Amino acid sequence: MAHQVNRLTDRTVRSVRTQGNHPDGNCLYLQVSPTGGKSWIYRYMVAGRSRDMGLGSLLDVTLAEARERRDAARKLLKSGVDPLDARHAPKMVAPALASAPAVPAVPKLKPAPSLLVVWKDYVAGQEAVWKGGKTKDGWMRSIESHAALIKNKPVDRIDVDDVLLVLRPLWTTKAESAGKLRDRLERVLDYARVMKYRSGDNPAVWKGNLFHLLPPRPKLQRGHMRALAYQDIPEFMRRLAAKEGVGARALEFSILTIARETMTLESTWGEIHDDLWSLEAERMKMRPFRQPLSTGALRVLDGVRPANPRPNQLLFPAPLHGGALSNTAMDKVLKDLGADATPHGMRSTFRDWAGDETDFARETIEECLAHLVGDETERAYRRSDALKKRRAVLEAWSAYCLRPA
(Lines give C-alpha, C1' and ligand atoms only; values in the text may rest on other atoms or scores of the structure.)
Protein backbone atom coordinates (compact mmCIF):
# COMPACT_ATOMS: atom_id res chain seq x y z
CA MET A 1 0.00 0.00 0.00
CA ALA A 2 1.22 3.51 -0.76
CA HIS A 3 2.61 5.63 2.05
CA GLN A 4 -0.18 7.43 3.89
CA VAL A 5 -0.12 11.10 4.89
CA ASN A 6 -2.59 13.18 6.91
CA ARG A 7 -4.28 10.02 8.18
CA LEU A 8 -5.64 11.56 11.37
CA THR A 9 -8.51 14.04 11.77
CA ASP A 10 -9.40 16.37 14.64
CA ARG A 11 -12.30 14.09 15.54
CA THR A 12 -10.05 11.03 15.53
CA VAL A 13 -7.40 12.45 17.83
CA ARG A 14 -10.05 13.43 20.36
CA SER A 15 -11.81 10.06 20.37
CA VAL A 16 -8.96 7.54 20.00
CA ARG A 17 -8.08 5.81 23.28
CA THR A 18 -6.02 2.76 22.26
CA GLN A 19 -2.62 2.86 23.96
CA GLY A 20 0.35 3.29 21.62
CA ASN A 21 1.52 5.45 18.71
CA HIS A 22 -1.04 6.39 16.06
CA PRO A 23 0.59 7.56 12.77
CA ASP A 24 -0.50 10.67 10.90
CA GLY A 25 2.18 10.37 8.24
CA ASN A 26 5.68 11.74 7.55
CA CYS A 27 6.86 10.42 10.94
CA LEU A 28 4.29 12.29 13.06
CA TYR A 29 2.55 10.20 15.73
CA LEU A 30 -0.15 10.76 18.33
CA GLN A 31 1.11 8.96 21.42
CA VAL A 32 -1.52 7.63 23.84
CA SER A 33 -0.12 6.71 27.26
CA PRO A 34 -1.40 3.90 29.55
CA THR A 35 -3.22 6.57 31.59
CA GLY A 36 -4.96 8.01 28.52
CA GLY A 37 -2.74 11.08 28.12
CA LYS A 38 -2.13 12.17 24.53
CA SER A 39 0.90 13.92 23.07
CA TRP A 40 2.63 14.44 19.72
CA ILE A 41 6.01 12.98 18.75
CA TYR A 42 8.16 13.27 15.62
CA ARG A 43 10.23 10.11 15.02
CA TYR A 44 13.28 10.34 12.76
CA MET A 45 16.65 8.69 12.08
CA VAL A 46 20.07 10.24 12.65
CA ALA A 47 23.31 8.31 12.07
CA GLY A 48 21.41 5.03 11.96
CA ARG A 49 19.56 5.51 15.26
CA SER A 50 15.96 6.47 15.91
CA ARG A 51 15.13 9.60 17.89
CA ASP A 52 11.78 10.81 19.25
CA MET A 53 11.12 14.54 19.47
CA GLY A 54 8.18 15.63 21.63
CA LEU A 55 5.99 18.28 19.99
CA GLY A 56 3.62 18.95 22.91
CA SER A 57 0.47 17.67 24.54
CA LEU A 58 -2.79 17.35 22.58
CA LEU A 59 -4.33 19.62 25.22
CA ASP A 60 -2.07 22.44 24.03
CA VAL A 61 -1.17 21.59 20.42
CA THR A 62 -3.77 20.98 17.70
CA LEU A 63 -3.33 18.50 14.86
CA ALA A 64 -2.61 21.34 12.42
CA GLU A 65 0.00 22.84 14.77
CA ALA A 66 1.64 19.44 15.27
CA ARG A 67 1.95 19.06 11.50
CA GLU A 68 3.55 22.51 11.26
CA ARG A 69 6.07 21.61 13.98
CA ARG A 70 6.78 18.28 12.27
CA ASP A 71 7.40 20.05 8.94
CA ALA A 72 9.74 22.57 10.57
CA ALA A 73 11.73 19.72 12.13
CA ARG A 74 11.90 17.90 8.78
CA LYS A 75 13.36 21.00 7.11
CA LEU A 76 16.11 21.14 9.73
CA LEU A 77 16.84 17.46 9.26
CA LYS A 78 17.12 17.87 5.48
CA SER A 79 19.58 20.74 6.00
CA GLY A 80 21.83 18.51 8.11
CA VAL A 81 20.71 19.71 11.55
CA ASP A 82 19.40 17.34 14.20
CA PRO A 83 16.09 18.96 15.35
CA LEU A 84 16.63 17.90 18.98
CA ASP A 85 20.11 19.43 19.01
CA ALA A 86 18.75 22.59 17.37
CA ARG A 87 16.09 22.87 20.09
CA HIS A 88 18.83 23.14 22.71
CA ALA A 89 21.16 25.26 20.55
CA PRO A 90 18.98 27.76 18.58
CA LYS A 91 22.02 29.54 17.14
CA MET A 92 22.74 26.49 14.99
CA VAL A 93 19.50 26.86 13.08
CA ALA A 94 20.01 30.02 11.04
CA PRO A 95 23.48 29.19 9.58
CA ALA A 96 22.37 25.69 8.74
CA LEU A 97 19.29 26.89 6.95
CA ALA A 98 21.21 29.66 5.20
CA SER A 99 23.71 27.18 3.76
CA ALA A 100 21.10 24.63 2.75
CA PRO A 101 20.80 24.28 -1.06
CA ALA A 102 17.51 25.32 -2.60
CA VAL A 103 15.29 22.41 -3.61
CA PRO A 104 13.20 22.90 -6.75
CA ALA A 105 9.47 22.56 -5.98
CA VAL A 106 8.54 20.73 -9.17
CA PRO A 107 6.35 17.71 -8.37
CA LYS A 108 7.15 14.56 -10.28
CA LEU A 109 3.97 12.61 -11.00
CA LYS A 110 3.86 8.84 -10.61
CA PRO A 111 2.14 6.49 -13.09
CA ALA A 112 -1.56 6.88 -12.30
CA PRO A 113 -3.57 3.85 -11.13
CA SER A 114 -7.33 3.63 -11.60
CA LEU A 115 -9.81 5.54 -9.45
CA LEU A 116 -10.86 2.24 -7.83
CA VAL A 117 -7.28 1.39 -6.80
CA VAL A 118 -6.73 4.82 -5.26
CA TRP A 119 -10.17 4.70 -3.61
CA LYS A 120 -9.33 1.35 -1.94
CA ASP A 121 -5.93 2.69 -0.90
CA TYR A 122 -7.55 5.72 0.75
CA VAL A 123 -10.15 3.57 2.52
CA ALA A 124 -7.45 1.20 3.80
CA GLY A 125 -5.63 4.14 5.35
CA GLN A 126 -8.73 5.52 7.03
CA GLU A 127 -10.64 2.45 8.22
CA ALA A 128 -8.47 2.02 11.34
CA VAL A 129 -10.10 5.13 12.83
CA TRP A 130 -13.65 4.34 11.65
CA LYS A 131 -16.00 2.69 14.13
CA GLY A 132 -17.22 -0.71 12.93
CA GLY A 133 -17.47 -1.72 9.29
CA LYS A 134 -20.49 0.35 8.25
CA THR A 135 -18.44 3.36 7.17
CA LYS A 136 -16.13 1.27 5.01
CA ASP A 137 -19.10 -0.56 3.48
CA GLY A 138 -20.72 2.80 2.66
CA TRP A 139 -17.57 4.05 0.93
CA MET A 140 -17.22 0.91 -1.16
CA ARG A 141 -20.93 0.96 -2.00
CA SER A 142 -20.51 4.50 -3.34
CA ILE A 143 -17.93 3.58 -5.94
CA GLU A 144 -19.23 0.13 -6.84
CA SER A 145 -22.90 1.14 -7.12
CA HIS A 146 -22.84 4.82 -8.03
CA ALA A 147 -19.43 5.49 -9.65
CA ALA A 148 -18.99 2.19 -11.54
CA LEU A 149 -18.86 4.03 -14.88
CA ILE A 150 -15.59 5.75 -14.00
CA LYS A 151 -14.02 3.46 -11.41
CA ASN A 152 -11.55 1.89 -13.88
CA LYS A 153 -10.44 5.18 -15.42
CA PRO A 154 -6.89 6.37 -14.56
CA VAL A 155 -7.20 8.79 -11.68
CA ASP A 156 -5.22 11.51 -13.47
CA ARG A 157 -7.79 11.55 -16.30
CA ILE A 158 -10.88 12.07 -14.10
CA ASP A 159 -12.39 15.45 -15.02
CA VAL A 160 -15.57 17.45 -14.36
CA ASP A 161 -17.47 15.59 -17.09
CA ASP A 162 -16.71 12.27 -15.38
CA VAL A 163 -17.87 13.58 -12.01
CA LEU A 164 -21.11 14.91 -13.51
CA LEU A 165 -21.65 11.60 -15.33
CA VAL A 166 -22.03 9.75 -12.00
CA LEU A 167 -23.62 12.53 -9.94
CA ARG A 168 -26.44 13.70 -12.22
CA PRO A 169 -28.51 10.47 -12.13
CA LEU A 170 -28.60 10.67 -8.31
CA TRP A 171 -28.66 14.39 -7.66
CA THR A 172 -32.41 14.99 -7.41
CA THR A 173 -33.63 11.44 -6.76
CA LYS A 174 -31.14 10.20 -4.15
CA ALA A 175 -29.81 13.45 -2.75
CA GLU A 176 -28.13 11.98 0.31
CA SER A 177 -26.25 9.32 -1.68
CA ALA A 178 -25.27 11.96 -4.24
CA GLY A 179 -23.90 14.28 -1.56
CA LYS A 180 -21.83 11.50 0.00
CA LEU A 181 -20.50 10.42 -3.38
CA ARG A 182 -19.41 13.96 -4.28
CA ASP A 183 -17.69 14.44 -0.91
CA ARG A 184 -15.91 11.09 -1.20
CA LEU A 185 -14.76 11.78 -4.75
CA GLU A 186 -13.34 15.11 -3.61
CA ARG A 187 -11.39 13.46 -0.78
CA VAL A 188 -10.02 10.62 -2.91
CA LEU A 189 -8.97 12.98 -5.71
CA ASP A 190 -7.27 15.24 -3.15
CA TYR A 191 -5.48 12.17 -1.81
CA ALA A 192 -4.40 11.28 -5.37
CA ARG A 193 -2.90 14.77 -5.77
CA VAL A 194 -0.98 14.46 -2.48
CA MET A 195 0.30 11.05 -3.64
CA LYS A 196 1.44 12.74 -6.91
CA TYR A 197 -0.89 10.65 -9.10
CA ARG A 198 -2.52 13.79 -10.51
CA SER A 199 -2.13 17.57 -10.52
CA GLY A 200 -4.32 20.59 -11.07
CA ASP A 201 -7.77 21.44 -9.74
CA ASN A 202 -10.05 18.90 -8.07
CA PRO A 203 -13.06 18.32 -10.39
CA ALA A 204 -15.31 17.19 -7.51
CA VAL A 205 -15.04 20.44 -5.53
CA TRP A 206 -18.42 22.10 -4.95
CA LYS A 207 -17.63 25.79 -4.41
CA GLY A 208 -16.79 27.67 -7.59
CA ASN A 209 -17.11 24.47 -9.62
CA LEU A 210 -20.02 22.01 -9.38
CA PHE A 211 -22.08 24.73 -7.69
CA HIS A 212 -22.53 26.29 -11.14
CA LEU A 213 -23.35 22.99 -12.90
CA LEU A 214 -25.80 21.24 -10.56
CA PRO A 215 -29.03 22.47 -8.94
CA PRO A 216 -29.42 22.58 -5.13
CA ARG A 217 -30.13 19.14 -3.71
CA PRO A 218 -33.56 18.47 -2.15
CA LYS A 219 -33.50 18.70 1.63
CA LEU A 220 -35.01 16.68 4.49
CA GLN A 221 -35.40 13.47 2.50
CA ARG A 222 -35.28 11.52 5.76
CA GLY A 223 -38.05 13.53 7.35
CA HIS A 224 -37.99 15.76 10.41
CA MET A 225 -36.28 14.82 13.67
CA ARG A 226 -38.57 13.97 16.60
CA ALA A 227 -38.96 16.95 18.92
CA LEU A 228 -40.62 17.81 22.22
CA ALA A 229 -43.45 20.31 22.30
CA TYR A 230 -42.01 23.54 23.66
CA GLN A 231 -44.69 23.59 26.39
CA ASP A 232 -43.02 20.46 27.85
CA ILE A 233 -39.47 21.83 27.88
CA PRO A 234 -39.48 23.49 31.37
CA GLU A 235 -40.58 20.26 33.09
CA PHE A 236 -38.13 18.21 31.02
CA MET A 237 -35.26 20.55 31.90
CA ARG A 238 -36.02 20.16 35.62
CA ARG A 239 -35.76 16.37 35.30
CA LEU A 240 -32.64 16.69 33.14
CA ALA A 241 -30.95 18.92 35.75
CA ALA A 242 -31.54 16.22 38.38
CA LYS A 243 -29.88 13.52 36.25
CA GLU A 244 -26.17 12.95 36.81
CA GLY A 245 -23.55 12.28 34.17
CA VAL A 246 -21.54 14.02 31.44
CA GLY A 247 -24.11 13.09 28.79
CA ALA A 248 -26.83 14.90 30.73
CA ARG A 249 -24.70 18.04 31.03
CA ALA A 250 -23.85 17.91 27.32
CA LEU A 251 -27.56 17.67 26.47
CA GLU A 252 -28.37 20.61 28.77
CA PHE A 253 -25.72 22.71 27.06
CA SER A 254 -26.94 21.69 23.59
CA ILE A 255 -30.53 22.64 24.37
CA LEU A 256 -29.63 26.00 25.89
CA THR A 257 -27.27 26.89 23.01
CA ILE A 258 -29.50 25.12 20.41
CA ALA A 259 -26.34 23.51 19.08
CA ARG A 260 -26.01 20.56 16.77
CA GLU A 261 -24.74 17.39 18.47
CA THR A 262 -21.30 17.48 16.86
CA MET A 263 -20.81 21.10 17.88
CA THR A 264 -21.23 20.11 21.53
CA LEU A 265 -19.39 16.77 21.47
CA GLU A 266 -16.26 18.31 19.90
CA SER A 267 -16.31 21.62 21.81
CA THR A 268 -13.17 22.59 23.73
CA TRP A 269 -12.34 25.14 26.42
CA GLY A 270 -10.25 27.07 23.89
CA GLU A 271 -13.52 27.95 22.09
CA ILE A 272 -15.04 29.56 25.20
CA HIS A 273 -14.26 33.26 25.64
CA ASP A 274 -16.14 34.63 28.65
CA ASP A 275 -19.81 34.51 27.55
CA LEU A 276 -19.10 33.75 23.88
CA TRP A 277 -18.61 30.40 22.13
CA SER A 278 -16.46 30.83 19.01
CA LEU A 279 -16.23 27.99 16.47
CA GLU A 280 -13.78 27.95 13.58
CA ALA A 281 -14.84 27.45 9.98
CA GLU A 282 -13.89 23.76 9.75
CA ARG A 283 -16.26 23.04 12.65
CA MET A 284 -19.19 24.82 10.99
CA LYS A 285 -19.47 23.82 7.33
CA MET A 286 -16.56 26.08 6.39
CA ARG A 287 -17.80 29.34 7.90
CA PRO A 288 -16.89 30.60 11.39
CA PHE A 289 -19.69 30.99 13.91
CA ARG A 290 -20.11 32.75 17.26
CA GLN A 291 -22.85 31.88 19.74
CA PRO A 292 -23.65 34.02 22.80
CA LEU A 293 -23.82 32.00 26.02
CA SER A 294 -26.90 32.60 28.16
CA THR A 295 -27.00 32.55 31.94
CA GLY A 296 -28.20 28.96 31.86
CA ALA A 297 -25.48 27.79 29.46
CA LEU A 298 -22.77 29.46 31.56
CA ARG A 299 -24.15 27.74 34.66
CA VAL A 300 -23.73 24.36 32.94
CA LEU A 301 -20.12 25.22 32.05
CA ASP A 302 -19.38 26.33 35.61
CA GLY A 303 -20.50 22.90 36.78
CA VAL A 304 -18.08 20.99 34.52
CA ARG A 305 -15.14 23.44 34.38
CA PRO A 306 -11.83 21.88 35.55
CA ALA A 307 -9.50 23.80 37.84
CA ASN A 308 -7.13 24.73 35.00
CA PRO A 309 -8.83 24.12 31.64
CA ARG A 310 -6.46 23.75 28.69
CA PRO A 311 -7.27 25.00 25.17
CA ASN A 312 -7.83 21.62 23.49
CA GLN A 313 -9.49 19.98 26.49
CA LEU A 314 -13.05 18.87 25.72
CA LEU A 315 -15.94 20.50 27.57
CA PHE A 316 -17.69 17.15 27.95
CA PRO A 317 -15.09 14.34 27.86
CA ALA A 318 -16.10 10.70 28.16
CA PRO A 319 -15.65 9.64 31.82
CA LEU A 320 -13.59 6.49 31.20
CA HIS A 321 -11.12 7.43 28.45
CA GLY A 322 -11.28 11.22 28.31
CA GLY A 323 -11.99 11.33 24.58
CA ALA A 324 -15.13 12.63 22.91
CA LEU A 325 -18.48 11.30 24.06
CA SER A 326 -20.23 8.84 21.78
CA ASN A 327 -22.80 10.46 19.49
CA THR A 328 -25.39 8.24 21.17
CA ALA A 329 -24.68 9.60 24.66
CA MET A 330 -27.34 12.33 24.52
CA ASP A 331 -29.85 9.99 22.85
CA LYS A 332 -29.44 7.63 25.81
CA VAL A 333 -30.19 10.44 28.26
CA LEU A 334 -33.40 11.27 26.37
CA LYS A 335 -34.40 7.62 26.35
CA ASP A 336 -33.70 7.27 30.09
CA LEU A 337 -35.94 10.28 30.76
CA GLY A 338 -38.72 8.88 28.57
CA ALA A 339 -38.58 11.71 26.04
CA ASP A 340 -39.71 10.83 22.51
CA ALA A 341 -37.24 13.20 20.87
CA THR A 342 -33.74 13.45 19.43
CA PRO A 343 -31.03 15.94 20.44
CA HIS A 344 -31.30 17.57 17.00
CA GLY A 345 -35.08 17.75 17.38
CA MET A 346 -34.61 20.15 20.30
CA ARG A 347 -33.60 22.77 17.75
CA SER A 348 -37.11 22.45 16.25
CA THR A 349 -38.54 22.85 19.76
CA PHE A 350 -36.68 26.14 20.08
CA ARG A 351 -37.82 27.27 16.62
CA ASP A 352 -41.48 26.58 17.46
CA TRP A 353 -41.19 28.46 20.76
CA ALA A 354 -39.46 31.45 19.19
CA GLY A 355 -41.99 31.67 16.36
CA ASP A 356 -45.12 31.16 18.51
CA GLU A 357 -44.25 32.88 21.77
CA THR A 358 -41.89 35.75 20.92
CA ASP A 359 -41.68 38.78 18.63
CA PHE A 360 -38.02 38.29 17.70
CA ALA A 361 -37.23 38.76 14.01
CA ARG A 362 -37.19 35.59 11.91
CA GLU A 363 -33.67 36.40 10.64
CA THR A 364 -32.33 36.64 14.20
CA ILE A 365 -33.95 33.34 15.18
CA GLU A 366 -32.49 31.59 12.13
CA GLU A 367 -29.04 33.01 12.87
CA CYS A 368 -29.27 31.58 16.40
CA LEU A 369 -29.66 28.18 14.72
CA ALA A 370 -26.54 28.84 12.59
CA HIS A 371 -28.70 28.85 9.45
CA LEU A 372 -27.81 30.96 6.43
CA VAL A 373 -30.30 33.82 6.03
CA GLY A 374 -31.37 35.19 2.65
CA ASP A 375 -29.82 34.72 -0.76
CA GLU A 376 -26.22 35.49 -1.69
CA THR A 377 -26.97 39.13 -2.46
CA GLU A 378 -28.73 39.70 0.86
CA ARG A 379 -25.90 38.01 2.78
CA ALA A 380 -23.34 40.18 0.99
CA TYR A 381 -24.98 43.28 2.47
CA ARG A 382 -25.68 41.66 5.84
CA ARG A 383 -22.12 41.45 7.19
CA SER A 384 -22.95 41.42 10.95
CA ASP A 385 -23.86 38.22 12.83
CA ALA A 386 -26.41 40.14 14.98
CA LEU A 387 -24.66 39.10 18.17
CA LYS A 388 -26.47 41.54 20.47
CA LYS A 389 -29.90 40.57 19.12
CA ARG A 390 -29.13 36.87 19.31
CA ARG A 391 -27.97 37.26 22.90
CA ALA A 392 -31.43 38.56 23.80
CA VAL A 393 -33.11 35.60 22.07
CA LEU A 394 -30.95 33.01 23.83
CA GLU A 395 -31.33 34.67 27.23
CA ALA A 396 -35.12 34.58 26.79
CA TRP A 397 -34.90 30.90 25.75
CA SER A 398 -32.79 30.10 28.83
CA ALA A 399 -35.27 31.86 31.11
CA TYR A 400 -38.16 29.92 29.56
CA CYS A 401 -36.39 26.54 29.79
CA LEU A 402 -35.31 27.07 33.41
CA ARG A 403 -38.39 28.79 34.79
CA PRO A 404 -39.56 27.53 38.21
CA ALA A 405 -42.34 24.99 38.42
Side-chain angles (χ1 to χ4, degrees), residues 1-33 36-45 50-75 77 83 107 110 112-113 115-140 142-143 155 180 183-198 202 204-205 262 265-266 268 280 282-283 286 312 314 321-324 326-327:
M1 188 179 75
H3 180 62
Q4 301 289 321
V5 294
N6 295 346
R7 295 177 61 175
L8 300 177
T9 65
D10 287 325
R11 183 174 299 179
T12 301
V13 299
R14 287 173 178 165
S15 62
V16 67
R17 54 183 182 274
T18 306
Q19 179 183 343
N21 294 329
H22 301 268
D24 178 58
N26 285 340
C27 303
L28 175 66
Y29 295 86
L30 175 67
Q31 188 176 62
V32 181
S33 72
K38 299 176 183 179
S39 58
W40 299 105
I41 60 170
Y42 170 54
R43 179 167 291 170
Y44 61 98
M45 299 288 292
S50 175
R51 303 199 73 182
D52 286 356
M53 179 179 182
L55 302 180
S57 165
L58 176 62
L59 294 173
D60 300 315
V61 180
T62 65
L63 173 59
E65 291 167 343
R67 287 171 177 166
E68 290 177 358
R69 296 183 184 190
R70 181 269 319 272
D71 292 343
R74 292 185 74 208
K75 286 182 180 178
L77 196 60
K110 305 173 185 178
L115 175 63
L116 179 60
V117 169
V118 179
W119 190 288
K120 289 180 176 179
D121 198 15
Y122 179 83
V123 169
Q126 297 294 317
E127 64 177 316
V129 297
W130 289 337
K131 294 182 179 179
K134 288 186 177 180
T135 304
K136 179 183 178 181
D137 292 344
W139 273 75
M140 296 313 300
S142 276
I143 189 165
V155 73
K180 288 181 178 179
D183 177 69
R184 290 164 180 171
L185 280 168
E186 181 181 346
R187 294 191 196 187
V188 170
L189 293 174
D190 266 346
Y191 169 73
R193 178 183 54 79
V194 172
M195 296 304 298
K196 297 185 174 63
Y197 293 137
R198 62 176 288 129
N202 188 325
V205 167
T262 305
L265 295 176
E266 298 180 0
T268 63
E280 295 182 353
E282 56 267 24
R283 292 257 283 121
M286 301 316 294
N312 292 329
L314 294 167
H321 54 78
S326 163
N327 41 359

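Since we're looking at a predicted model, the values are computed, not measured.
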Q. Sub-3.5 Å donor-acceptor pair from the side chain of Lys38 to the main-chain atoms of Leu59, do we have one?
A. no

key: Under 3.5 Å: donor-acceptor pair, side chain of Asn21, backbone of Gln31   = no

Flag side-chain contact, heavy atom, 4.5 Å: Cys27 against Tyr44: no

Exercise. Can you check whether Ile143 reaches Leu185 side chain to side chain, under 4.5 Å on heavy atoms?
Worked result: no

Looking only at heavy atoms, the pair that brings Trp119 and Val188 closest together is CE3-CG2, 3.8 Å

* Before giving the answer on salt bridge (charged side-chain N to carboxylate O under 4.0 Å, His left out), spell out for Asp10 and Arg14 the whole-Å C-alpha distance, their side-chain angles and the decisive distance to 0.1 Å. => CA-CA 6 Å; Asp10 287 325; Arg14 287 173 178 165; 6.0 Å; no

Separation between OG (Ser39) and CG (Leu30), nearest 0.5 Å, reads 7.0 Å

| field | Heavy-atom side-chain contact between Met45 and Arg51 under 4.5 Å | value | no

Those residues at least two apart in sequence (or on a different chain) that pass side chain to side chain contact (heavy atoms under 4.5 Å, CB included) with Ala192 are Val118, Val155, Tyr197, Arg198

For Trp40, the ring pair (Phe, Tyr, Trp, His ring centres under 6.0 Å) test, sequence neighbours excluded, returns none

* **CZ/Arg43: more than 12 non-hydrogen atoms of other groups inside 6.0 Å** => yes

Across all chains, not counting sequence neighbours, the side chain to side chain donor-acceptor pair (under 3.5 Å) partners of Asn202 are Asp190

**Asked** Counting N and O atoms only, with roles assigned by atom type, does the side chain of Thr12 sit under 3.5 Å from a partner on the main chain of Leu8, one being a donor and the other an acceptor?
**Response** no

*Might you work through the side chain to side chain contact (heavy atoms under 4.5 Å, CB included) test for Thr18 and Val32, ending with a clear yes or no?*
CA-CA 7 Å; Thr18 306; Val32 181; over 6 Å; no

In this structure, CG of Leu115 is separated from CG of Leu189 (nearest 0.5 Å) by 6.5 Å

In this structure, NE2 of His22 is separated from CZ of Arg7 (nearest 0.5 Å) by 11.0 Å

Hits for ring pair (Phe, Tyr, Trp, His ring centres under 6.0 Å) against Tyr29, two or more places apart or cross-chain, chain-then-number order -> none

Residues 61-73 vs salt bridge (Lys or Arg N to Asp or Glu O under 4.0 Å), sequence neighbours excluded, gives Asp24-Arg67

Problem set entry | Side chains of Leu77 and Pro83 in contact at under 4.5 Å (non-hydrogen atoms) | yes

Side chain to side chain, Tyr191 and Asn6, heavy atoms closer than 4.5 Å: no

Criterion ring-ring contact (aromatic ring centres under 6.0 Å, His included) on Tyr122 and Trp139, from CA distance to verdict: CA-CA 10 Å; Tyr122 179 83; Trp139 273 75; 5.3 Å; yes

One should read off an interatomic distance between Glu127 CD and Asp137 CG, to the nearest 0.5 angstrom, of 10.0 Å

- Minimum side-chain heavy-atom gap Leu55-Ile41 below 4.5 Å: no

The side chain to side chain donor-acceptor pair (under 3.5 Å) partners of Ser142 (sequence neighbours excluded) come to Arg184

